[in-house]
Amino acid sequence: MQTLKQKRGWSLRDVIFLAIIGIFFGVIYQVWSYAYYLIAATPLKPYANDLTLGVWIMAGPLAGVLLQKAGATIIGELLAATVEMLLFSSWGAANLISGFIQGLGNELGFACTGYRNWSKLGLLFSTIGATILTFIWDWFQSGYSEYHAGLLITLLIIRFISIGFFAGVLVYWIKKLVLKTGLNK
């Protein structure tokens, strides 16, 4: 029988699972950058970051919902950002800052539930947290402060939809598939 203390601690299986998530998504993140550049090469350039951001936030919430441990979202996102950086991402070491901010936004969402809800409600709060925190980051880092109010509102809505679909709905579906395999035991 597993005690509460054992459940809260990190097992070797948890660490390996987290590493696999980080490596897998780090590769996906690097490949996904081409989607960003494709959109940025069109008249949709101002929307490229917000349209594609949801994919870059998937590792954190997936690590959170599968491992159900405080800190898993930040570590998962940082690992994926590290792998992406090591694959010669055009953003270099800035990936680590972005990964931390994205993971922290997700972590704050799960913290709002007291780390008790790792399902739809937790993912909703995670999506909201990541949307707000990454938007604040882009306000300073990406020059969003220079945009007019209408564009800012549009970007915020697009960002929320992107993160909500990829890091919310899609992560929820992936979680359900993983649970069916029995890998979570």
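Not measured: the values here are computed from a predicted model.
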Got V171 and F166 here, is their nearest side-chain heavy-atom distance under 4.5 Å? no
Any L104 side-chain heavy atom under 4.5 Å of T73 side chain: no
Side chains of M58 and I174: closer than 4.5 Å at any heavy-atom pair? yes
Quick check against the 3.5 Å criterion: does N106 have a side-chain atom that pairs as donor or acceptor with the backbone of G60? no
Verify, without hydrogens or angle tests, whether E107 (side chain) and G71 (backbone) share a donor-acceptor contact under 3.5 angstrom. yes
Give a yes-or-no answer on whether the side chains of S90 and Y37 include a donor-acceptor pair shorter than 3.5 Å. yes
Side chains of D14 and S11 only: does a donor on one sit below 3.5 Å from an acceptor on the other? yes
Ignoring hydrogens and geometry, is there a side-chain-to-backbone donor-acceptor pair from R159 to T134 under 3.5 Å? yes
Between K69 and G9 (side chain of the first, backbone of the second, donor and acceptor by atom type, cut-off under 3.5 Å), is there such a pair? yes
Suppose we call two aromatic rings close when their centres sit under 6.0 Å apart. Are F125 and W118 close by that rule? no
Side-chain donor-acceptor pair under 3.5 Å between N117 and T113, yes or no? no
Under 6.0 Å between ring centres, would you say that holds for Y144 and Y147? yes
Hey, is the main chain of T52 close enough, under 3.5 Å, to the side chain of W32 for a donor-acceptor pair? yes
Would you please indicate yes or no on a ring centroid separation below 6.0 angstrom for Y36 and W91? yes
Main-chain N/O of I158 paired with S162 side-chain donor or acceptor, under 3.5 Å: no
N/O donor-acceptor pair under 3.5 Å between Y29 side chain and A59 backbone: yes
Is there a donor-acceptor contact under 3.5 Å from the side chain of S126 to the main chain of G122? no
First locate atom CD1 of I20, then atom CG of L79, and finally report the distance between them rounded to the nearest 0.5 Å. 11.5 Å
